[in-house]
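Only one structure is covered here, and it is reproduced in the block below.
These numbers were taken from a predicted model, which means no experiment stands behind them.
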Amino acid sequence: QVQLVESGGGSVQAGGSLRLSCAASEDAYRRNCMAWFRQIPGQEREGVATISADGTTTYADSVQGRATVSRATAGNAENILTLQITSLKPEDTAMYYCAADPAFPCQVSAAQYFRYSGQGTQVTVS
């Protein structure tokens with residue numbers, strides 16, 4: 001069963017940073033490519049970053065140079081996907097979701113179409 005649970009969102013001033021985390025079930029993690037996308041109500045999803053099983057990453061132009069995505073399995077076998085964004089801007093305000101889907105290439109342009117995602121965590125930059 002695919003389960004993804006995001007955490008770490010919140011309100012932050014422009015210029016600050018946030019670290020988002022996603023606890024992934026083995027079924028989700030085993031599907032190799034993990035991703036983050038974000039969505040503003042009334043707008044389309046925007047892929048933010050992807051990371052493949054071998055650690056290859058891709059980023060949206062809007063966060064390139066400010067975002068770092070990583071994945072790891074902790075000693076307790078918990079699978080964690082993280083996204084750190086620095087120099088936050090008001091336009092980064094959105095609900096952020098971690099996602100997985102074996103049906104799509106591991107490219108940020110495809111991340112918005114990933115079918116399996118969590119409930120999201122809100123990021124508000126003011």
Side-chain angles (χ1 to χ4, degrees):
Q1 184 177 1
V2 175
Q3 291 185 327
L4 300 160
V5 180
E6 302 91 341
S7 62
S11 297
V12 64
Q13 291 188 339
S17 63
L18 275 178
R19 183 181 178 89
L20 308 181
S21 295
C22 172
S25 65
E26 185 61 23
D27 282 349
Y29 207 74
R30 193 168 61 236
R31 295 175 188 271
N32 297 325
C33 182
M34 301 293 295
W36 289 93
F37 65 81
R38 62 189 182 186
Q39 190 169 27
I40 299 170
Q43 297 188 19
E44 291 188 356
R45 295 177 176 181
E46 177 190 17
V48 176
T50 63
I51 182 167
S52 67
D54 67 3
T56 300
T57 58
T58 66
Y59 296 96
D61 289 344
S62 57
V63 299
Q64 184 72 47
R66 300 189 297 120
T68 302
V69 60
S70 61
R71 60 190 291 171
T73 299
N76 61 357
E78 188 175 46
N79 302 311
I80 299 293
L81 177 72
T82 63
L83 177 69
Q84 181 160 355
I85 307 179
T86 62
S87 302
L88 282 161
K89 306 174 183 180
E91 50 263 45
D92 292 318
T93 296
M95 187 75 80
Y96 284 71
Y97 300 85
C98 70
D101 198 323
F104 292 93
C106 202
Q107 294 291 329
V108 69
S109 57
Q112 67 186 106
Y113 303 112
F114 281 23
R115 295 168 294 171
Y116 307 103
S117 62
Q119 295 299 307
T121 185
Q122 177 69 37
V123 172
T124 302
V125 184
S126 59

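Ile80 and Tyr116 fall into different hydrophobic clusters, where Ile, Leu, Val, Met, Phe, Trp and Tyr residues are linked whenever their side-chain heavy atoms come under 4.5 Å apart, directly or through other members. If you chain together hydrophobic residues whose side chains sit under 4.5 Å apart, Met95 and Leu4 never meet in one group.
In plain terms, the two heavy atoms of Pro105 and Ala110 that are nearest each other are O-CB, 3.7 Å. In this structure, Glu46 and Ala60 approach most closely via the heavy-atom pair OE2-CB, 4.4 Å. The two residues Ala100 and Met34 have their closest heavy-atom pair at CB-SD, 3.8 Å. Nearest approach of Ser87 to Asp92, heavy atoms of both residues: O-OD2, 4.4 Å.
The hydrophobic cluster around Tyr113 extends to Phe104, Phe114, counting ILVMFWY residues whose side-chain heavy atoms fall within less than 4.5 Å of a member. Within the hydrophobic cluster formed by Ile, Leu, Val, Met, Phe, Trp and Tyr side chains joined at under 4.5 Å, directly or through other members, Val108 stands alone, with no partner residue.
Atom CZ of Arg45 sits about 5.0 Å away from atom OG of Ser117, to the nearest 0.5 Å. Distance OH/Tyr29 to CD/Glu78: 10.5 Å, rounded to 0.5 Å. For the atom pair OG1 (Thr57) and CD (Gln107), the distance works out to 10.0 Å, reported to the nearest 0.5 Å.
In this view, Thr58 and Thr50 satisfy the side chain to side chain donor-acceptor pair (under 3.5 Å) rule, not counting sequence neighbours. For Arg19, the salt bridge (charged side-chain N to carboxylate O under 4.0 Å, His left out) test picks out no residue, with sequence neighbours left out. The ring pair (Phe, Tyr, Trp, His ring centres under 6.0 Å) search around Phe37 returns Tyr97, not counting sequence neighbours.
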- Task: In sequence, state the C-alpha distance, the side-chain angles, and the governing distance for Asn79 and Glu26, and then conclude on side chain to side chain contact (heavy atoms under 4.5 Å, CB included).
- Result: CA-CA 7 Å; Asn79 302 311; Glu26 185 61 23; 3.0 Å; yes
- Task: Determine, stepwise, if the pair Val48 / Tyr59 fulfils side chain to side chain contact (heavy atoms under 4.5 Å, CB included).
- Result: CA-CA 6 Å; Val48 176; Tyr59 296 96; 5.9 Å; no
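With Ser17 contributing its side chain and Thr86 its backbone, the two residues share no donor-acceptor pair below 3.5 Å. At distances below 3.5 Å, not a single donor-acceptor pair connects side-chain atoms of Gln13 with backbone N or O atoms of Ser126. Between the side chain of Glu6 and the backbone N or O of Cys98 there is at least one donor-acceptor pair closer than 3.5 Å. Not a single donor-acceptor pair under 3.5 Å links the side chain of Thr93 to the backbone N or O of Thr124. Side chain of Tyr96 to main chain of Gln39: no donor-acceptor pair is present (N/O by atom type, distance under 3.5 Å, no hydrogens or angles). A donor-acceptor pair under 3.5 Å is absent between the side-chain atoms of Gln84 and the main chain of Ala67, judged by distance alone.
Checking Val123, Thr68, Val69, Ile51 one by one against Leu83, the side-chain contact (heavy atoms from CB on, under 4.5 Å) holds for a single residue, Val69.
If you check the side chains of Ser62 and Arg38, you find a donor sitting under 3.5 Å from an acceptor. Residues Thr82 and Ser21 bring no donor and acceptor atom of their side chains to less than 3.5 Å of each other.
Heavy atoms from other residues, nucleotides or ligands lying under 6.0 Å from CG of Asp61 number 12 at most.
Screening residues 106-124 for salt bridge (charged side-chain N to carboxylate O under 4.0 Å, His left out), with sequence neighbours left out, gives Asp101-Arg115.
Annotation: side chain of Leu18 is not in contact with side chain of Ile85 (no heavy-atom distance under 4.5 Å). Put simply, the side chain of Gln112 reaches to within 4.5 Å of the side chain of Glu44, judged on heavy atoms.
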